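As structure tokens, the structure follows; a few thoughts come after it.
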Amino acid sequence: MPSLFATSDLHVTHEGNGPIVDEIVPDDPGDWLLVAGDVAESAKVIRETLARLRERFAKVVWVPGNHELWTTPNDECQLRGQARYEFLVEQCRAIDVRTPEDEFPVWDFGPEPLTVAPLFVFYDYSWRTPATEGKTREEALAHAREIGVVCTDEYYLHPDPYESRAAWCEQRLKVSRDRLDAIPADRRTILMSHWPLHRHPTNPLYYPDFALWCGTTQTEDWHLRYRAELAVYGHLHIPRTTSADGVRFEEVSLGYPREWRKRARGAVPVRKLLTA
């Protein structure tokens, strides 16, 4: 019977991570795979990796992470912001990989059907530490810079045509809310995003101010409002299972080699979330 697997933050261009993709294989020809962002920075490598995974799994669902949205000097694709995202969506559709812009698939192999909702919701710098609570976004970012915490997004993730990443986030929140509101009210969901929808997964961050680049307060209740059976995410490179309000949260990231090599269990390239 089919199972639902998930992975994220494969960062396949980092030495040591590329071969691990070969370990992501199904147990059954009907298995599904959720890919919660940060496959790579190169548009070509993103497509090639997702195509390989689609050859193995009956269905693959992808959401972008911040690394996919970077426009780096060495990438053949120099599109920025929304144009880059739309290009990646087109690339996914060409290889039959679902995206946040496609019809939400339904996992109907368990006790009840679950709508799988891939979400591109981004961040808006609203997750603050006590030191910056109540201050402006500019003041919070200035404080982070003063203590040496600056996400690389500030250099490579361009929000074009929006005036800021926060403005792009606001637009993505509206798109996502409209689509989630259209799900039948009696249908439970699997919420899938790159950035966590709830703040609690950021608690173990070594640099708490990095939470600025990890989510938005506007999604804090989505796991309840949209009847989530579970919420799947990546980004933090802290793979674990937690819960909020009785809802299971699964971080499914592989992370960088320097991170997974320190763990007793080593690299965990994929997690099984549900079995029919």
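The structure displayed is predicted, hence computed values, not measured ones. Heavy atoms only: backbone and side chains are in, while hydrogens, waters and symmetry mates are out.
Ring pair His194/Phe122: centre-to-centre distance not below 6.0 Å.
No donor-acceptor pair closer than 3.5 Å links the side chain of Ser193 to the backbone N or O of Pro196. Side-chain atoms of Asn17 come within 3.5 Å of backbone N or O of Gly255 as a donor-acceptor pair. One N or O on the side chain of Ser8 and one on the backbone of Ser253 form a donor-acceptor pair closer than 3.5 Å. Not one N or O on the side chain of Asp9 forms a donor-acceptor pair closer than 3.5 Å with the backbone of Leu254. Within the 3.5 Å criterion, the main-chain N or O of Glu250 finds no donor-acceptor partner in the side chain of Arg240. At distances below 3.5 Å, at least one donor-acceptor pair connects side-chain atoms of Ser164 with backbone N or O atoms of Ala167. A donor-acceptor pair under 3.5 Å is formed between the side chain of Thr219 and the backbone N or O of Thr216. Distance alone, capped at 3.5 Å, is enough to place a donor-acceptor pair between the Arg227 side chain and the Arg187 backbone. Side chain of Asp209 to backbone of Val149: no donor-acceptor contact under 3.5 angstrom is found. Checking side-chain atoms of Arg199 against main-chain N and O of Arg128 turns up a donor-acceptor pair under 3.5 Å.
Under a hydrophobic-cluster definition in which Ile, Leu, Val, Met, Phe, Trp and Tyr are linked whenever side-chain heavy atoms come within less than 4.5 Å, directly or via other members, Val268 and Leu34 are assigned to different clusters. Under a hydrophobic-cluster definition in which Ile, Leu, Val, Met, Phe, Trp and Tyr are linked whenever side-chain heavy atoms come within less than 4.5 Å, directly or via other members, Leu88 and Val175 are assigned to different clusters. The hydrophobic clustering, which links ILVMFWY residues whose side-chain heavy atoms are closer than 4.5 Å, places Val89 and Trp195 together. Cluster membership check: Leu33 does not share its hydrophobic cluster with Trp107, using side-chain heavy-atom separations under 4.5 Å among Ile, Leu, Val, Met, Phe, Trp and Tyr. Under the 4.5 Å side-chain heavy-atom criterion for grouping Ile, Leu, Val, Met, Phe, Trp and Tyr, Ile95 is connected to Leu10 within one hydrophobic cluster.
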Show your working on side chain to side chain contact (heavy atoms under 4.5 Å, CB included) between Val61 and Thr99 and close with a plain yes or no. CA-CA 6 Å; Val61 185; Thr99 78; over 6 Å; no
Should Ile190 and Thr115 be marked as a side chain to side chain contact (heavy atoms under 4.5 Å, CB included) after you check the CA-CA gap, both sets of side-chain angles, and the distance that decides it? CA-CA 6 Å; Ile190 297 171; Thr115 296; over 6 Å; no
Please evaluate residues Gln171 and Gln82 with respect to the criterion side chain to side chain donor-acceptor pair (under 3.5 Å), reporting the C-alpha separation (whole Å), side-chain torsions for both, the decisive distance (0.1 Å), and the verdict. CA-CA 11 Å; Gln171 187 268 345; Gln82 179 71 19; 5.4 Å; no
Assess the residue pair Asn66 and Leu69 against the criterion (side chain to side chain contact (heavy atoms under 4.5 Å, CB included)); give the C-alpha distance rounded to whole Å, side-chain angles, the decisive distance to 0.1 Å, and a yes or no. CA-CA 5 Å; Asn66 52 315; Leu69 299 173; 5.7 Å; no
Show your working on salt bridge (Lys or Arg N to Asp or Glu O under 4.0 Å) between Arg47 and Glu68 and close with a plain yes or no. CA-CA 11 Å; Arg47 174 175 172 145; Glu68 277 109 339; over 6 Å; no
May I have the step-by-step check of side chain to side chain donor-acceptor pair (under 3.5 Å) for Arg271 and Thr241, ending in yes or no? CA-CA 11 Å; Arg271 299 268 294 279; Thr241 302; 3.0 Å; yes
Determine, step by step, whether His143 and Glu138 satisfy the side chain to side chain contact (heavy atoms under 4.5 Å, CB included) criterion, reporting the C-alpha distance in whole Å, the side-chain angles of both residues, the deciding distance to 0.1 Å, and the verdict. CA-CA 9 Å; His143 173 79; Glu138 292 71 23; over 6 Å; no
For Thr72 and Asn74, run side chain to side chain donor-acceptor pair (under 3.5 Å): C-alpha distance rounded to whole Å, both residues' side-chain angles, the deciding distance at 0.1 Å, then the answer. CA-CA 6 Å; Thr72 60; Asn74 296 327; over 6 Å; no
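Looking at heavy atoms from C-beta onward, Thr202 lies in side-chain contact with Leu236 at the 4.5 angstrom threshold. Taking the side chain as every heavy atom from C-beta outward, Leu141 and Leu212 approach each other to under 4.5 Å. Counting only heavy atoms from C-beta outward, the side chains of Val252 and Val232 approach each other to under 4.5 Å. Between Pro100 and Arg172, some side-chain heavy-atom pair lies under the 4.5 Å cut-off. The side-chain heavy atoms of Trp213 and Trp127, taken from C-beta on, include no pair separated by under 4.5 Å. For the pair Gln218 and Glu170, the minimum side-chain heavy-atom distance is below 4.5 Å. Counting only heavy atoms from C-beta outward, the side chains of Leu79 and Thr71 never approach each other to under 4.5 Å. Side-chain contact check for Leu50 versus Val35: some heavy-atom pair is nearer than 4.5 Å.
The distance from the OG1 atom of Thr189 to the CZ atom of Arg225 is 12.0 Å, given to the nearest 0.5 Å. Interatomic distance, SG of Cys151 versus OH of Tyr123, reported as 5.5 Å (0.5 Å rounding). Asp124 CG to Thr217 OG1: the interatomic distance, rounded to the nearest 0.5 Å, is 5.5 Å. Going from atom OG of Ser42 over to atom CD of Glu48 covers 7.5 Å, rounded to the nearest 0.5 Å. Taken from CE in Met1 to CZ in Phe109, the straight-line distance is 7.5 Å, to the nearest 0.5 Å. Cys77 contributes atom SG, which lies 13.0 Å from atom CD of Glu41 (distance to the nearest 0.5 angstrom).
Checked for salt-bridge contact, Asp22 and Arg56 meet the test: a charged N lies under 4.0 Å from a carboxylate O. A salt bridge links Arg84 with Asp75: the distance from a Lys NZ or Arg NE/NH1/NH2 to an Asp or Glu carboxylate oxygen falls below 4.0 Å. Between Arg165 and Glu154 a salt bridge is recorded (basic side-chain N to carboxylate O distance below 4.0 Å).
Side-chain contact annotation: Tyr85 with Glu101, donor-acceptor N/O pair under 3.5 Å present. When only modelled atom types and interatomic distance are considered, Asp38 and His235 share no side-chain donor-acceptor pair under 3.5 Å.
A pairwise comparison of heavy atoms in Val63 and Ala36 identifies CG2-CA, 3.6 Å as the closest pair. Considering every non-hydrogen atom in both Pro257 and His14, the closest pair reads CD-CB, 4.0 Å.
Cluster partners of Leu180, using a side-chain heavy-atom cutoff of under 4.5 Å among ILVMFWY residues and allowing indirect links, are Phe104, Leu119, Val121, Leu173, Ile183, Leu191, Leu197, Trp222, Tyr226.
Among the candidates Val25, Leu53, Val270, Ile24, the single residue satisfying the side chain to side chain contact (heavy atoms under 4.5 Å, CB included) test with Phe5 is Val270.
Using a 30° and 60° split on the angle between ring planes, Tyr156 and Trp70 fall in the tilted class, from 30° to 60°. The aromatic rings of Phe120 and Trp168 sit perpendicular, their planes meeting at an angle over 60°, well past the 30° parallel limit. Ring orientation note: the planes of His200 and Phe249 are nearly perpendicular, at an angle over 60° on the 30°/60° scale.
Atom CD of Glu76 has 12 or fewer neighbouring heavy atoms from other residues, nucleotides or ligands inside a 6.0 Å radius.
Applying the salt bridge (Lys or Arg N to Asp or Glu O under 4.0 Å) definition to pairs two or more places apart or across chains, those involving residues 85-100 are Arg54-Asp96, Arg93-Asp102.
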